[in-house]
Undergrad: 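I'd like to ask you about the structure that follows.
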Amino acid sequence: MYRYGRTVVSRNIVLYYCPNGQSYNRIGFSISKKVGRSVVRNRIKRIYKEAFKLIEKQIRKGYDFILIARKPAVDVTFQEACKELLSLCRRGQLLLKKQ
RNA sequence: CGAGUAAACAUGGCAGCCGCGAAAAGAAAACCGCAAGGUGCUUUUCGAGGAAAGUCCGAGCUCCGCAGGGCAGGGUGCUGGGUAACGCCCAGUGAGGGUGACCUUAAGGCCAGUGCCACAGAAAAAAUACCGCCCGGCACUCAACUUUUGUUGACCUGGAAAACCAGAUAUGCCAACAUAUUCUAUAAAACAAAAGAUUAGCUGUUAUAAAACAGCCUAUUUUUUAAAGCAGAAAUGGAAAAUAACAGUUGAGUGCCGGGUAAGGAUGCAACGGUGCGGUAAGAGCGCACCAGGAACCGGGAGACCGGUUUGCUAGGUAAACCCCACCCGGAGCAAGACCAAAUAGGAGGAGGAUGAAGUAGCCCGCUGACUUCUCGGGUUAGGUCGCUGGAGAUACCAGGCAACUGGUAUCCAAGAUAGAUGGCUGCUGCUUACCAGGUUUGCUUAUGGCAGACCCGGCAAGAACAGAACUCGGCUUAUGAGUUUGCUCGGUUC
RNA sequence: UGGGGCGUAGCCAAGCGGUAAGGCACGGGUCUUUGGAAUCCGCAUGCGUAGGUUCGAAUCCUACCGCCCCAG
C-alpha cells in the first residue's frame, strides 16, 4: 500500500488509500511512539476510529485506508477530526456523489 | 476575623443512544483454522487509581537436583513494639528548629588499628617542641651633657577642663547689654629618635685666651598708654661640665648557659575544659565559687535514657573516610513456568571435557555426575490454552491494645487486555469563579443619597488537575485542579 | 523485567573533599596598508534539579529529571 497507494495530507494526519477489490472498506492506524505515550496514542486512534465510523456512509466502498498520525494530533477534538477526515476524503475524490 | 499546624475524607451525581472488552446462561450447528482452538447470535451482569506512575525496598508464587559451609560482596544501624516481610508503620529517648500548635533527625563505635584536617597559625595530636614570661650565673655595650624634631602638656581666677559655666578686671557715668583680657604661637618637665658640643641664658661670626660684636631669650625696675604679669621703648642683671685612662655604683640593652612555667602567642570550623577570685619569682584545678563534660556509686524505667551524690578525673574533630561491631541476604524472574497442536531436523565443521562439563553474578569446599560452547545449514512465520485473579480480600459490628495492629462474627465477590479493552455524543443537575439585574442586612459618611462588606434569588459565560491496570499484594517516593470535615496553636477585635 | 553508565562555558572535555586545567569558537587589544597567522586579555546558572553530611561539596549520601548502552 505504501508503494502503490495515494496520499492526502493535513496538519494532523496523513491518509493513504488504494482500492482493495472487495465490497467493503478497511482502515488501519499507524501512530509512532514519537507522538506520545500509549494512552495518548490510543486516544488518537479511538477518536479517528469514531470519526471514520461517522462519515463512512458518505465514502465510496471498496477501499483500504492507512491513517498515520502526526505530532499535532495530540490535542485534536472529535469535531475537528470529523471535519478534517471529510475534507481529506473530498480532496481524494472518495466521496459518493450527492443525489 | 486573620495567619498557621496536624489528621481524615473525596477525586461530582442521575439518565439515554452508539461502540470496545470480559463473565455466566441459552439457542443454533453458521464462519475461520491442518489442528489445538477461536469468531459470531440472544439475554443478564460487570468494566481504572489515590497515586494504577517511578520501579526505590519487602514478600507471595514459579523454576534452578539439594538450598548446605566458608571467603568475598551488598544492605540496615537510638530503644521497645507491630508485621508474612521490610530500608515501612506505631509508641517513646536524645539532639536540633519554631512565640506556639508542631516539625526534622543515616542518631552504634575515633582510649582495635590506619588515614585526613587545605590556607593561616608557635603548634592540627607529635613532645610538655618554638616564641614569650620568671629566677640564677657569665660576657659585652650604652647612659648619668646640649640641641633639633616628634608626642604629652597649663595660659586673668575658680570649677577634673584652652572649647562649657560662674566670677573678676578694663572701656563706654552706673546697671543691663556689648567688646576686650597672648589662640596659624608656645615655656618647664618627661619620653623616643637623630645630630652636635664642651666659657655669655640661646644662636651665629671673628680672634686666640679664658674676650668682643650682632640678634634673640629671660628676671627686676622705670617709662609710654584709657588700661598692662602679657603691646612698644629704655636701664641693670642672668653662666660654666677641658680631655683621656682605670676602677666602682645605679639604670637600660644584647648574647650565651642552667632551671621554673603552660597564664599569653595575631590564626583557624576546631587549640589537652570555660569565667571570676585567691595564690605565685612567673605560673598552673595549685585552691575556691559557678558552669560544661567524664568516671564510680545509689535510685527510677522493659530499654534507649533520666535524676541524685561523690570524685579535680578534663579525654581535639572526622566513620554519608577506610574500618570494627551487631543483625539480615542462595540465584533468577509471569518473556517465571506448565500443557497442547503443527512442522522440520535427529545434520556438518571447530574448541573444551572423568587430570571433572554443567549445575542461574564471583572464589573455595561439599553434593550431583556428562555434556558445554562457537560457526554454517535447515524448520516454525509473530500458534493456542492455562498461569490470571477468592485474596496477608472488601464492608459493618464487637473485643484487646496509648497506637501501629490483632482476634471474632455476619454479609459480599468487585477489571483482567495480549500490539494491548474504559471511548464518542446528548439531556438535567451539584460545585467554583467572573459579569449583569433585584432584594435583605451590617459598618462608615459630607445622610430620602454615596462607599465598602456579607447573605438570598434569577440570568449568562467559563472552569474542573495529576494521570491510565500488563502476575498479585504490603510500603516508600514523586505528580496533583478546585474542595470538605475535625482537633489544636498564635495574633487582633467585641462582649 | 533485570543490569550498567553519563550530565562541567556555544562545542569537545580534565578535575573526584580545599575556591573549575586545556583546546576550538566568541568579544576586545597588539602586530599588518587590510585580512589570515602569531601574541596578550576576557567569557561558569557555581558543575542536570532539590535536600542533607562536612569548617568547606563539581567531588560523599538520598530523592527526582533527562539521555545512552547491555541481557532476556
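Side-chain atoms are counted along with the backbone in the values below, which use heavy atoms only and exclude waters and symmetry mates. Here is the naming used below: chain letters follow the sequence lines, and residue numbers restart at 1 for every chain. Keep in mind the model is a prediction, meaning the values are calculated, not measured.
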Undergrad: Across all strands shown, which nucleotide pairs with C:rA71 by Watson-Crick or G-U wobble geometry, both distances under 3.5 Å?
TA: C:rU1

Undergrad: Under 3.5 Å between N/O atoms: give me all the protein pairs with nucleotides 419-422 of chain B, atom names plus distance.
TA:
{"from": "B:rG420", "atom 1": "OP2", "to": "A:Lys45", "atom 2": "NZ", "distance (Å)": "2.9"}
{"from": "B:rA421", "atom 1": "OP1", "to": "A:Asn42", "atom 2": "OD1", "distance (Å)": "3.1"}
{"from": "B:rA421", "atom 1": "OP1", "to": "A:Asn42", "atom 2": "ND2", "distance (Å)": "3.1"}
{"from": "B:rA421", "atom 1": "OP2", "to": "A:Asn42", "atom 2": "ND2", "distance (Å)": "3.3"}
{"from": "B:rU422", "atom 1": "OP2", "to": "A:Arg46", "atom 2": "NH1", "distance (Å)": "3.1"}

Undergrad: Could you please name the partner base of B:rA195, counting Watson-Crick and G-U wobble pairs only when both distances are under 3.5 Å?
TA: B:rU146

Undergrad: Given the P atoms of B:rC111 and B:rA295, what is the spacing between them in whole Å?
TA: 14 Å

Undergrad: Apply the syn/anti split at 90° from 0 to B:rG4 and say which one it is.
TA: anti

Undergrad: Taking a pair as Watson-Crick or G-U wobble with both distances under 3.5 Å, which nucleotide is matched to B:rA228?
TA: none

Undergrad: Provide the distance between the two C1' atoms, one in B:rG98 and one in B:rC488, to the nearest whole Å.
TA: 16 Å

Undergrad: Roughly, in whole Å, what's the span from OH in A:Tyr48 to P in B:rG423?
TA: 18 Å

Undergrad: B:rA160: syn or anti, with syn meaning chi within 90° of zero?
TA: anti

Undergrad: Syn or anti for B:rG50, taking syn as within 90° of 0?
TA: syn

Undergrad: Please report the distance separating the P of B:rC364 from the corresponding atom of B:rA469, rounded so that it comes out in whole Å.
TA: 46 Å

Undergrad: Take the angle between the ring planes of A:Tyr17 and A:Phe65 and call it parallel below 30°, perpendicular above 60°, tilted in between.
TA: tilted

Undergrad: For B:rG158, which nucleotide is its Watson-Crick or G-U wobble mate, given both distances must be under 3.5 Å?
TA: B:rC165

Undergrad: Just to verify, what does A:Cys89 make a side-chain contact (heavy atoms from CB on, under 4.5 Å) with, not counting sequence neighbours?
TA: A:Ile55, A:Ile59, A:Leu94, A:Leu95

Undergrad: Taking all non-hydrogen atoms of both residues into account, name the closest pair between A:Ala81 and A:Tyr48 and its distance.
TA: CB-CE2, 3.8 Å

Undergrad: With syn defined as a glycosidic torsion within 90 degrees of 0 and anti otherwise, which applies to B:rA25?
TA: anti

Undergrad: In whole Å, what separates the P atom of B:rC213 from that of B:rG196?
TA: 31 Å

Undergrad: Minimum heavy-atom separation for A:Ile13 and A:Leu88, please, with both atom names.
TA: CD1-CD1, 3.5 Å

Undergrad: C1' atom, B:rA414 versus B:rG475: distance in rounded Å?
TA: 24 Å

Undergrad: Sequence neighbours excluded, which residues qualify as side chain to side chain donor-acceptor pair (under 3.5 Å) partners of A:Thr7?
TA: none

Undergrad: Just name whichever nucleotide pairs with B:rG369, Watson-Crick or G-U, keeping both distances under 3.5 Å, else none.
TA: none

Undergrad: Nucleotides 17-21 of chain B: which of its N/O atoms have a protein N/O under 3.5 Å away?
TA:
{"from": "B:rG19", "atom 1": "O4'", "to": "A:Lys53", "atom 2": "NZ", "distance (Å)": "3.4"}

Undergrad: Return the nucleotide paired to B:rG427: Watson-Crick means purine N1 to pyrimidine N3 with N6-O4 or O6-N4, wobble means G-U with N1-O2 and O6-N3, both under 3.5 Å.
TA: B:rC14

Undergrad: Please state the P separation for the pair B:rC425 and B:rA7 - nearest whole angstrom.
TA: 41 Å

Undergrad: Say you pick atom C1' in B:rC402 and the same atom in B:rG80; how far apart are they, in whole Å?
TA: 14 Å

Undergrad: Given that both distances must come in under 3.5 Å, which nucleotide forms a Watson-Crick or G-U wobble pair with B:rC110?
TA: none

Undergrad: So, is B:rA414 syn or anti if syn means the angle is within 90° of 0?
TA: syn

Undergrad: With rounding to whole Å, what would you report as the distance between B:rU480 and B:rC116 at their C1' atoms?
TA: 47 Å

Undergrad: Taking all non-hydrogen atoms of both residues, which atom of A:Val9 and which atom of A:Arg91 are closest, and how far apart?
TA: O-NH2, 2.9 Å

Undergrad: Tell which nucleotide pairs with B:rC246, taking only Watson-Crick or G-U wobble pairs whose two distances are both under 3.5 angstrom.
TA: none

